[in-house]
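Here is the naming used below: chain letters follow the sequence lines, and residue numbers restart at 1 for every chain.
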Amino acid sequence: MSFLKPYRKTPRFSTLSSHPPPPPPPAPPAPDINLVGKAISILKRHQLYNLDSLSSQFTPQSASYLLHHSQFDKTLILPFINWARRRPFFDLKCSCISLHILTRFKVYKTAQSIAEDVAIKTPEDEHGDLVFKLIKSTYSDCNSSSSVIDLLVKSYSNLKLVKRGLNTIHLAISHGFMPGVLSYNSVLDAIIRSNEPIELAEEMYFHMIKSGISPNVFTYNILIRGFFGVRELEKGLELFSEMQKNGCLPNVVTYNTLMDAYCKLGRLDDALKVFDKMSVRDLEPNVISYNVILNGLGREGRMKETGGILEEMKRKRIVPDEVTYNTLVNGYCKEGNFHQALVLHDEMTSNGLSPNVITYTSLINSMCKARNLHRAMGFVEQMRDRKLFPNARTYTTLIDGFSQQGFMEEAYKLLDEMKRNGFSPSIVTYNALIHGHTVDGKIEDALGALDHITESGLSPDVVSYSTDYHWFL
DNA sequence: ATAGGGTTAG
């Protein structure tokens, strides 16, 4: 990981004949001490509403000055930050000072939200150097600690800005800071969620150990999910035993992760073995454990066995949640048992749970698959009556439903509506349309839809081409 | 303050 470029030496002192030294940069305008004094006294009297009249007089310098001056007065500074953070004078430096203050007072939620705003507002800071420099230069004046680095890395990771997260860790270390386990965990999670090569996650894992940070149960859970996700079961299982060797006990999340991974690989029986192992280890399965198993049964067309599982949940007083019902509704839909799906849909409401957009998307999908578009649209109506609105997946499901039967005009109307409502069509949406044109026999339109993919910044995938390919045969 | 479950295409 070295980006060393050949270093070109420039003479430290230029020749006598050269230009005079550049003038020092202009000093920033001084803070308005008067204004700051007024603002502080308003804050001391808790008259936040009176601050608004001063808003237009504040400069970044005055705000920084106030932040710095009153940084230890918690009841004064927190309201000020909340008031100031969305105002125009609240610049990058103000944000950084606030991050130090907020993490010192453990007000992580606000801190993270400010850090994310900063990240979004500085897209040119691709590697996070600019923000890091500011954090470092304000660090000691704010009596900060390395946890501000954790917060920053976590915020980058939340936005899947992997490069910035990774580079911030490296910058921090090379400047003598100590990123904690949270920095590593969040960046590992971001790597895996953004489908970066798993080797990168592995490299960071080794890096954290070399830097003296011990992985915890979160670290292992994140990595196990990552390795199973790319079908590297041996590596995942290796970590599962490694964690125990290192004295880190797997928890329910670890077991649920393993079970779900097995289910998604079509190995329900292995998932059930893991389930049994849990009770041997004295760990109680929770509602998520059961949902994972129910979903696994549904995927293999074994809905008959769900009854026994639900019984067991009842015995153990584990209350089915929204996800449990959605899983069951979806399972019955896939089996073509609409009757049972609707029974559960009703049971949901009578148990105080509300069917949501996912429940309806399952039902709509099964109606589309049964080629009953009328009933599919009926469910869309029902959704609207319940103040639920189709999401991108619902639209894609409907577009596919209409396309499958060659109703392309309706399909494109739905595409329009989808865009109007702020959803971006995905590659799946376009592939459904392409397939539709092979149904209605309009090859030019199929190729046109293929063009729409690239126009919208996506790239066609195997499905796009294989759909087309059938047509040329 | 970080980890796990449910909806879409050939």
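- Put simply, CD1 on A:Ile399 is 14 Å from P on B:dG10, counting in whole angstrom units.
- Going from atom CD of A:Gln404 over to atom C1' of B:dT8 covers 11 Å, rounded to whole Å.
- No close placement of the A:Tyr184 and A:Phe218 rings is indicated, their centers lying 6.0 Å or farther apart.
- Shown here is A:Lys93, whose NZ atom has no more than 12 heavy atoms of other residues, nucleotides or ligands within 6.0 Å.
- For an aromatic pair to be called close, the ring centres must be under 6.0 Å apart, and A:Phe132 with A:His127 fails this.
- The base of B:dT7 sits within donor-acceptor range of the side chain of A:Thr361, with an N or O pair under 3.5 Å.
- Counting to the nearest Å, the P atom of B:dT7 and the CE atom of A:Met348 are 13 Å from each other.
- Scanning for side chain to side chain contact (heavy atoms under 4.5 Å, CB included) contacts around A:Ser155 gives A:Gln112, A:Ala115, A:Glu116, A:Leu151, with sequence neighbours left out.
- The stretch residues 204-225 of chain A touches DNA chain B through A:Asn216, A:Phe218, A:Asn221, A:Ile222, A:Arg225, each having a heavy atom within less than 4.0 Å of the strand.
- Look at A:Asp189 and A:Arg193 and you find a salt bridge, because one of the NZ, NE, NH1 or NH2 atoms lies within 4.0 Å of a carboxylate O, short of that distance.
- In this entry the distance linking CZ of A:Phe423 with C1' of B:dT8 reads 13 Å, nearest Å.
- Between A:Asn365 and B:dT8 there is a side-chain polar atom (N or O) within less than 4.0 angstrom of OP1 or OP2.
- Taking the ring pair (Phe, Tyr, Trp, His ring centres under 6.0 Å) definition, one finds that A:Tyr412 meets it with A:His437, sequence neighbours left out.
- Out of B:dG10, B:dT8, B:dA1, the shortest distance to the side chain of A:Tyr108 is found at B:dA1.
- At a threshold of 4.0 angstrom between heavy atoms, the contacts of A:Val329 with the nucleic acid are absent.
- Here B:dT2 presents its C1' atom at 17 Å from CD1 of A:Ile149, a figure rounded to the nearest Å.
- In the set B:dT2, B:dA9, B:dA1, B:dA9 carries the atom at the smallest distance from any side-chain atom of A:Val428.
- Aromatic pair A:Phe389/A:Tyr360: ring centres not closer than 6.0 Å.
- Rounded to a whole Å, the CG atom of A:Asp400 is 10 Å from the P atom of B:dT8.
- You'll find that the side chain of A:Lys334 is closest to B:dT7, out of B:dT7, B:dA9, B:dT2.
- When heavy atoms are screened at a 4.0 angstrom cut-off, A:Ser186 is found touching no nucleic acid atom at all.
- A:Asn295 comes within 4.0 angstrom of sugar-phosphate atoms only, judged by non-hydrogen atoms across all strands, and of no base.
- For the pair A:Ile192 CD1 and B:dT2 C1', the computed distance is 13 Å after rounding to whole Å.
- Between A:Met367 atom CE and B:dT8 atom P there is a gap of 14 Å when expressed in whole angstrom units.
- For B:dA3, its base sits under 3.5 Å from the side chain of A:Asn251 at one donor and acceptor pair at least.
- For A:Lys369, no side-chain nitrogen or oxygen approaches OP1 or OP2 of B:dT7 to under 4.0 Å.
- No side-chain donor-acceptor contact under 3.5 Å links A:Thr138 and A:Asp141.
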